[in-house]
Amino acid sequence: MDTLIEGLAFPDGARWHDRHLWFSDTHAGEVLAYDPLTGALNTMAEVPGRPAGLGFLPDGRLLIASTRDLLVLRRESDGSLVVHADLSGIATWHLGDMCVDRLGRAYVGNVGDGSDPPRAPRPADLAMVEPDGAVHDVATAMVLAGGMVVTSDGTTLIVAETRSTPRPV
């Protein structure tokens, strides 16, 4: 195993796009793009609200889940960041992973609350952001929705729940 990049604070939300590995260094407040051919690592955005999940619209613009702001930001072609969607009406705590399908719909998870094990987490709704920025929930009672991918035919969203809640048997 080879280490490609050192000195990261908390890498998260990795996505492959345009021959680069894009990811958030959440605690450093940066979105980075790594070029495996040259080894170059470029800062693509600074996000004071802490970036998490990433995705790309069909036209190639980057979407960033701004964890603490409960916003999905969009990186314009000039590098500026604008609010694409406000998830404060759905998200009950920090945003997490995000996945964008080929139609430009972003699926965004949130942590639900600030609990730590062994205390059970508060389930949260999974938000969907339409390409125009409209927001609605598409699944309820998710526990730390992450690791999201859409199947290649675009018909199924796969979500990993990474912290279990005791369920009645």
Side-chain angles (χ1 to χ4, degrees), residues 3-36 39-101 104-114 116 121 124-135 137-138 142-150 157-163:
T3 300
L4 300 176
I5 305 166
E6 294 184 348
L8 300 172
F10 190 87
D12 193 20
R15 298 287 180 219
W16 184 256
H17 177 74
D18 196 25
R19 299 185 335 232
H20 289 77
L21 177 65
W22 294 67
F23 61 95
S24 295
D25 192 357
T26 300
H27 295 298
E30 297 177 324
V31 175
L32 304 167
Y34 173 74
D35 183 339
L41 181 66
N42 296 303
T43 301
M44 305 308 291
E46 294 183 6
V47 182
R50 290 194 173 174
L54 304 176
F56 294 87
L57 291 169
D59 65 8
R61 290 179 295 168
L62 171 68
L63 295 181
I64 304 165
S66 183
T67 302
R68 293 183 173 179
D69 299 328
L70 306 182
L71 299 173
V72 173
L73 304 175
R74 187 179 65 241
R75 184 178 183 272
E76 297 297 325
S77 57
D78 65 0
S80 64
L81 296 179
V82 299
V83 174
H84 183 70
D86 182 340
L87 277 70
S88 62
I90 290 178
T92 54
W93 210 55
H94 296 164
L95 300 183
D97 196 17
M98 178 172 60
C99 178
V100 180
D101 70 14
R105 297 175 298 196
Y107 299 90
V108 187
N110 78 91
V111 179
D113 66 5
D116 289 317
D125 292 350
L126 181 69
M128 183 171 77
V129 179
E130 300 286 352
D132 66 0
V135 178
D137 62 341
V138 292
M142 302 292 299
V143 181
L144 205 57
M148 293 185 281
V149 295
V150 176
L157 173 70
I158 299 169
V159 180
E161 290 184 280
T162 56
R163 197 171 143 204

S.K.: To the nearest 0.5 angstrom, please state how far the CE atom of Met98 sits from the OG atom of Ser66.
M.R.: 10.5 Å
S.K.: Contact between Leu73 and Val82 at the side-chain level, heavy atoms closer than 4.5 Å - yes or no?
M.R.: no
S.K.: Got a sec, which pairs hit side chain to side chain donor-acceptor pair (under 3.5 Å) with one end in residues 86-95, sequence neighbours left out?
M.R.: Asp86-Ser88, Thr92-Asn110
S.K.: Please check this pair: side chain of Asp97 against backbone of Met148, looking for a donor-acceptor N/O pair closer than 3.5 Å.
M.R.: yes
S.K.: Over 60° means perpendicular and under 30° means parallel, so tell me whether Trp22 and Phe56 are parallel, tilted or perpendicular.
M.R.: perpendicular
S.K.: Looking at Ala9 and Ala28, what are the two nearest heavy atoms and their distance?
M.R.: CB-N, 4.0 Å
S.K.: Would you say Leu87 and Val129 make side-chain contact, with heavy atoms under 4.5 Å?
M.R.: yes
S.K.: Closer than 3.5 angstrom, by distance alone: can the side chain of Thr26 be matched with the main-chain N or O of Pro51 as a donor-acceptor pair?
M.R.: yes
S.K.: Could you give the distance from CG (Leu21) to CZ (Arg15), rounded to the nearest 0.5 Å?
M.R.: 10.5 Å
S.K.: Under a 3.5 Å distance rule, please check whether Asp12 uses its side chain to pair with a backbone N or O of Ser24 as donor and acceptor.
M.R.: no
S.K.: Give a yes or no on whether the backbone of Ala45 and the side-chain of Arg75 come within a donor-acceptor separation of less than 3.5 Å.
M.R.: no
S.K.: Quick check against the 3.5 Å criterion: does Glu161 have a side-chain atom that pairs as donor or acceptor with the backbone of Val143?
M.R.: yes
S.K.: Look up atom CG in Asp35 and atom CG in Asp18, then write down how far apart they are to the nearest 0.5 Å.
M.R.: 9.5 Å
S.K.: Measuring from His20:NE2 to Leu41:CG, what's the distance to the nearest 0.5 Å?
M.R.: 10.0 Å
S.K.: If you look only at pairs with a residue in residues 44-61, which of them pass as a side chain to side chain donor-acceptor pair (under 3.5 Å), with sequence neighbours excluded?
M.R.: His27-Arg50, Asp59-Arg61, Arg61-Glu76
S.K.: With a 4.5 Å limit on heavy-atom distance, are the side chains of Leu32 and Ile5 in contact?
M.R.: no
S.K.: What distance separates Ile90 CD1 from Asp137 CG, expressed to the nearest 0.5 Å?
M.R.: 5.0 Å
S.K.: Using a 4.5 Å cut-off on heavy atoms from C-beta on, say whether the side chain of Leu63 contacts that of Arg74.
M.R.: yes
